[in-house]
Student: 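Got a structure here, written out as structure tokens. Questions coming.
Proteins get letters first, then strands, A, B, ... in listed order; numbering begins at 1 in each. Heavy atoms only: backbone and side chains are in, while hydrogens, waters and symmetry mates are out.
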Amino acid sequence: MSAEQSLFEQLRDAIRAEVPVALATVVEGSFTGAKLIVGRDAESEGTLGNPDLDRVVTRDARGELAAGRTGMRHYGLHGEAREEAVSVFIESFAPPPAMLIFGAVDFTAALARVAKVLGYRVTVCDARAVFATKSRFPMADEVVVDWPDRLLAAVGGELGERDVVCILTHDAKFDVPAVVASLATDVGYIGIMGSRRTHDDRTKRLVEAGVDEAGLARLRSPIGLDIGARTPEETAVSITAEIIARRTGRDARSLTVTEGPIHP
Amino acid sequence: MKELLDDLDRWRSAGMAVAVARVVDLEGSAPRAAGAAMAVSEHGEVSGSVSGGCVEGAVVVEALDVLAKGERRLVTFGYSDDEAFEVGLTCGGTIHLFIEPLDW
């Protein structure tokens, strides 16, 4: 961050560079509008008008940023907890969540397109160099020629609750190691494509590979919601709708037959 | 905020004053989460949104007033009955917006 830049310019550049950053703004209390920009490790920039308040909010903003949360917090004038003199809005700008798609098949391009609309950073991975090409998947942020378990061994540690894995290979020799490696990560969603027969066969092989009940329960297989999807595009909607429903904890029935607030 | 950056750059480099409204808090069922943002240029051009289209018109008026007076403010929009033609959210929730000039 450059000292000659305004706080807005520093924030803007961090967001564009996909560097995790939080913006804290006093919205009520003295110094309304005062701001602090907080990175994951670097010194914070700006001030909320009091050094003690800055220190407490920097600490809290780092926590919010790590969790990808955005919301209001209240403090005393010097950052005291359980006081309400100052209201601070802490906004996290986390990098986009990742979708890893294993298998460079027809369904992959449609899923990658829909995932881009939803704001995912999309990686397509397949060990077959002839299929995993940037020209077949121009919408993907990254096309990797490698075995899924090797890619996951390299990047799996960075994946979290917001990230998803979709395994579209429906070939047991790719699927089983990919599932096992995905289960070793903290991703919030693991979906695996295949017919019910493929699913049964794969489940057997997964158990043989040492996947336990808890592991099997984390898997969405066959992948997607039961909306009668046929085309790759419809299937992509079925998969992404399931990803949203898993995140929000909804059972994904039609709003027509449910009650209560529409927005979570 | 991210989706506003291109418009904000364009307006700033044209020397225009800009106000940014952000959803900072909400109660009940609200269409957009905290952090949803909308920018209004001094000429009344709009980028982004803070609800499902329910209150954006009123936010433009507030934002232009913020630019005219140069003061930041919290504005609350709550439930409104559709037939009353008043500004508010039809989904039953309440949103609190912080509106301020982009002078930082």
Student: Quick check on B/L5 against chain A: is it the side chain, the backbone, both or neither that has a heavy atom closer than 4.5 Å?
Tutor: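 For B/L5, backbone and side chain are both near chain A.
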Student: Any salt bridge linking A/R16 with B/D6? Criterion: basic side-chain nitrogen under 4.0 Å from a carboxylate oxygen.
Tutor: yes
Student: What I want to find out is whether A/K134 reaches A/E142 closely enough, with some N-O distance under 4.0 Å, to be called a salt bridge.
Tutor: no
Student: Is there a donor-acceptor pair closer than 3.5 Å between any side-chain N or O of A/D163 and the backbone N or O of A/A98?
Tutor: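 Yes; at least one donor-acceptor contact below 3.5 Å.
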Student: For B/R12, is it the side chain, the backbone, both, or neither that has a heavy atom closer than 4.5 Å to a heavy atom of chain A?
Tutor: side chain
Student: Is chain A contacted by the side chain of B/D9, its backbone, both, or neither, given a heavy-atom distance below 4.5 Å?
Tutor: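 Interface part for B/D9: side chain.
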Student: For A/V88, is it the side chain, the backbone, both, or neither that has a heavy atom closer than 4.5 Å to a heavy atom of chain B?
Tutor: neither
Student: Distance from A/D52 atom CG to A/E80 atom CD, nearest 0.5 Å?
Tutor: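 Reported value, rounded in 0.5 Å steps: 8.0 Å.
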Student: B/R22 versus chain A, heavy atoms under 4.5 Å apart: side chain, backbone, both or neither?
Tutor: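 Interface part for B/R22: side chain.
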Student: Given the options A/T70, A/L11, A/V27, which has more heavy-atom pairs under 4.5 Å with chain B than any of the others?
Tutor: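 With the most close heavy-atom pairs to chain B, the winner is A/V27.
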Student: State whether a side-chain donor-acceptor pair under 3.5 Å links B/S51 with B/E56.
Tutor: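 The criterion, which ignores hydrogens and geometry beyond distance, is satisfied for B/E56 and B/S51.
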Student: Is it the backbone or the side chain of B/L8 that comes under 4.5 Å from a heavy atom of chain A, or both, or neither?
Tutor: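 For B/L8, the side chain is the part near chain A, not the backbone.
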Student: When you look at A/K35 and B/E100, which way does the salt bridge (charged side-chain N to carboxylate O under 4.0 Å, His left out) test go after all the steps?
Tutor: CA-CA 12 Å; A/K35 290 182 176 63; B/E100 61 176 343; 2.7 Å; yes
Student: Tell me, side chain or backbone of B/L26 under 4.5 Å from chain A's heavy atoms, or both, or neither?
Tutor: neither
